[in-house]
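Counting convention: from 1, in listed order, for ligands and their atoms alike. The model shown is predicted, which means the values in this text are computed figures rather than measured ones.
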Amino acid sequence: MRKLTITGVLGALLLAFSAGGANAQQPTPAQPATFATGGPATCLKCHDDAKVNPILQTPHATKGDAHSPFGQMGCESCHGASGDHVAARSNKPSVLFKGPNASPPAARNEVCLSCHQSGARMNWQGSQHANNDAACNNCHTVHVRKDPVLVKLSQAEKCFTCHAEQRSQVFRFSHHPIREGKVACSDCHNPHGSAGPKLLKELTVNETCYNCHAEKRGPLAWEHQPVRENCMNCHTPHGSNQPRLLAQRSPYLCQECHSNSGHQANPQSGQQLPGKTGFNGAISTNFRAFARGCVNCHSQIHGSNSPAGMWFTR
Ligand code: HEC
Ligand code: HEC
Ligand code: HEC
Ligand code: HEC
Ligand code: HEC
Ligand code: HEC
Ligand code: HEC
Ligand code: HEC
Ligand code: HEC
Ligand code: HEC
């Protein structure tokens, strides 16, 4: 029985309305949920165990902070009015975050957002996670000394519970050092919502990458257009079986856009290639160089500042 949950109260009111009519039986007025007396100490009389009490060592239990739950209604700042639960265990607290009786995600999130709506959570409403009924406590754990999702080394595990594809990606040969704990998902994403695509922290992919790879930002005397457009034209963010997080092996990568002109066609055959006279000879004699493909010569692939860098070879 959850007779004192908010929905219970609303339900009773709705029933009272729909009963309507002069002859309708007088409904018992719905009782407002009552708060327990005595604050957290009351709850801890029965709940002072390892599942619950680690919260006492977190910022949520700072009594001196008027913004914190313990500076307000204590446990009931989150679990809602629970006076009836104290009176009889068969009555559940108003808001449950876990287990088969867990409140709907929206009700749980409302509690957390009542204190955390601003800042990084500005774009929560309408975000991919909110729209898919994710709850704050799908990622956050409150009754632990240190929430694992806030720790670089353990964060990704939380995300992987739902994002299995990214788990397999970060185990590929070339990867951002996520499982090594040097880069966190939240270095690139804001899981609470974003004004950019794919929950990225910045408005574009490139702005996100420049946060750490600032040298790629330019401006450069000779820009390579696809680099300015989107790093994802050649890279993949989480992991790749090609070196350097490349989306494809080098010649094919380039040939997607440069297939029809000059020496760059079909370089692996080692055959004389149709194209500029003189240059093809250079390609053949440099055949061994193709182990690394086009970037062996076009080494400044992200653009160049050299006066003679128009071909990104220097
Ligand atoms: C007299 C002992 C006692 C007090 C006081 C008490 N509880 Fe409980 N509480 C229990 C017991 C026993 C259970 C387990 C009941 C069950 O499993 O059905 C429980 C369960 C819970 C649950 C989990 C419910 C579920 O179904 O998952 C929450 C949350 C909870 N209590 C919060 C509180 C809060 C908040 C307070 C203080 C306002 C409080 N309790 C005070 C004994 C108490
Ligand atoms: C009554 C207000 C209040 C409520 C309700 C509340 N919080 Fe907090 N929370 C705070 C305050 C105050 C802090 C400490 C200052 C800060 O980091 O903003 C905090 C800190 C945090 C932190 C950072 C913890 C750390 O170790 O740095 C997380 C994560 C968090 N809250 C998540 C939640 C979640 C999830 C919920 C809902 C289950 C929730 N909060 C409900 C007030 C609240
Ligand atoms: C998809 C996972 C996920 C969900 C869902 C989620 N969070 Fe977070 N939250 C994180 C991660 C990851 C961080 C660490 C961010 C960082 O390090 O930049 C974080 C950080 C925080 C912080 C502390 C740091 C700060 O920004 O001040 C608070 C408070 C917080 N979240 C509240 C919430 C609330 C409230 C909700 C529900 C509306 C929520 N979170 C939902 C993953 C999540
Ligand atoms: C900041 C919000 C918040 C505060 C304050 C809070 N809780 Fe919770 N409680 C949660 C969330 C979220 C969960 C789900 C498990 C988790 O995140 O650790 C939970 C789970 C529980 C459970 C179920 C435990 C389980 O693992 O099944 C009990 C019992 C409980 N809380 C009791 C309390 C008591 C007692 C207090 C006060 C001492 C309290 N809570 C304070 C948010 C809160
Ligand atoms: C409870 C399950 C769950 C957890 C945990 C979770 N996510 Fe999600 N996430 C989803 C769902 C569902 C979607 C929307 C559907 C989709 O695009 O896969 C989503 C969408 C996303 C997207 C946007 C995808 C797009 O195409 O726009 C990103 C980025 C993301 N999550 C990152 C994270 C990160 C980072 C974490 C850990 C901090 C995390 N998620 C934890 C369920 C989860
Ligand atoms: C180095 C930055 C970076 C890190 C770290 C990162 N991501 Fe991403 N993520 C991106 C970019 C960029 C995209 C968009 C890719 C695109 O547009 O093709 C993306 C896309 C996604 C998507 C949407 C699906 C897709 O492939 O388009 C999900 C889900 C996601 N990331 C989850 C995660 C999770 C979970 C983690 C942590 C394990 C994580 N990301 C770490 C940059 C990053
Ligand atoms: C939070 C910082 C951070 C952000 C943001 C970031 N990176 Fe990285 N990146 C790293 C680190 C750290 C390494 C590993 C460097 C090392 O091992 O020397 C790395 C390595 C790489 C590598 C080389 C991988 C290899 O196998 O050698 C590429 C390519 C790369 N990043 C591309 C990107 C792209 C594209 C983006 C934007 C989607 C991006 N990075 C965003 C920190 C970041
Ligand atoms: C036209 C394809 C292409 C685009 C677009 C591209 N890269 Fe690269 N990137 C490469 C290639 C090829 C390599 C490997 C170079 C090598 O092995 O010498 C590389 C290597 C890297 C490396 C590791 C070596 C180094 O130079 O530090 C980082 C980091 C990197 N790219 C970041 C980025 C970022 C950030 C963007 C977007 C601003 C981006 N790349 C856009 C092709 C591209
Ligand atoms: C997503 C498409 C795309 C990819 C992938 C790509 N490029 Fe480009 N590249 C361009 C465009 C567009 C230009 C500008 C062409 C122009 O100005 O006529 C360009 C210019 C160049 C130039 C300068 C010569 C010129 O015509 O301006 C060289 C050299 C070059 N690319 C080499 C490469 C190499 C090597 C790779 C593979 C590592 C590569 N490109 C991958 C689109 C691409
Ligand atoms: C042996 C060195 C070398 C290799 C390997 C090489 N290039 Fe070049 N490439 C050059 C030089 C030098 C130029 C300058 C133009 C000239 O001298 O004709 C050039 C010019 C270009 C141009 C601009 C002129 C044109 O023909 O359109 C593109 C695009 C290009 N290379 C792409 C590629 C691609 C793609 C590959 C790999 C499949 C590749 N290159 C492999 C040395 C090389």
Atoms of ligand 8, numbered as shown, that sit under 4.0 Å from any heavy atom of [X]:
X: I301; answer: 10 (C), 11 (C), 42 (C)
X: H213; answer: 29 (C)
X: C234; answer: 1 (C), 2 (C), 3 (C), 4 (C), 5 (C), 42 (C), 43 (C)
X: Y210; answer: 38 (C)
X: V295; answer: 12 (C)
X: H224; answer: 1 (C)
X: N206; answer: 38 (C)

Is the shortest distance from a Lys or Arg side-chain nitrogen in K201 or E207 to a carboxylate oxygen in the other one below 4.0 Å?
no
Looking at D187 and K152, does any basic side-chain N land under 4.0 Å from a carboxylate oxygen?
yes
How far apart are the closest heavy atoms of [X] and [Y], and which atoms are they?
X: P148; Y: V144; value: CD-CG2, 4.1 Å
X: A66; Y: Q72; value: O-NE2, 2.9 Å
X: L245; Y: H175; value: CD2-CA, 3.8 Å
X: T161; Y: K158; value: OG1-O, 2.5 Å
X: R217; Y: R228; value: O-NH2, 3.2 Å
X: S68; Y: T62; value: OG-O, 2.7 Å

With heavy atoms under 4.0 Å as the rule, classify the contact between L246 and ligand 8 as side chain, backbone, both or neither.
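The part of L246 near ligand 8 is the side chain, not the backbone.
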Would you kindly specify which portion of C209 sits under 4.0 Å from ligand 8, judged on non-hydrogen atoms: side chain, backbone, both or neither?
side chain
State plainly whether one hydrophobic cluster holds both V205 and V183, where clusters connect Ile, Leu, Val, Met, Phe, Trp and Tyr through side-chain heavy atoms under 4.5 angstrom apart.
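V205 and V183: separate clusters.
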Looking only at distances, please establish whether an N/O atom of ligand 8 is found under 3.5 Å from an N/O atom of E215.
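The answer is no, given that E215 and ligand 8 share no N or O pair closer than 3.5 Å.
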Regarding ligand 8, does H302 bring an N or O atom to under 3.5 Å of one of the ligand's N or O atoms?
yes
Output the list of atoms in ligand 6 that are nearer than 4.0 Å to some heavy atom of V183, sorted by atom number.
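Near V183, the atoms of ligand 6 are 5 (C).
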What are the atoms of ligand 6, with element, lying closer than 4.0 Å to any heavy atom of H176?
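The atoms of ligand 6 under 4.0 Å from a heavy atom of H176 are 1 (C).
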N241 backbone acceptor or donor facing S174 side chain under 3.5 Å
no
Consider ligand 8: state whether an atom of it lies below 4.0 angstrom from any non-hydrogen atom of P226.
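Yes; P226 lies near enough to ligand 8 that a heavy-atom distance drops under 4.0 Å.
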Heavy-atom gap T208 to ligand 6 smaller than 4.0 Å:
no
Close residues (non-hydrogen atom under 4.0 angstrom from ligand 5) work out to Q128, H129, N132, N138, C139, K158, C159, T161, C162, H163, C185, H189, K198, L199
Hey, mind stepping through C78 and F97 against side chain to side chain contact (heavy atoms under 4.5 Å, CB included) and telling me if it holds?
CA-CA 9 Å; C78 291; F97 292 91; 4.1 Å; yes
Out of curiosity, L199 CG to S186 OG, how far, rounded to the nearest 0.5 Å?
12.0 Å
Parallel under 30°, tilted from 30 to 60°, perpendicular over 60°: which one fits the rings of H85 and H47?
parallel
Please verify the inter-ring angle class for W124 with H192; under 30° counts as parallel, over 60° as perpendicular, anything in between as tilted.
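W124 and H192: tilted rings.
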So which of the N, O or S atoms of H235 lies nearest atom 8 (Fe) of ligand 8?
NE2
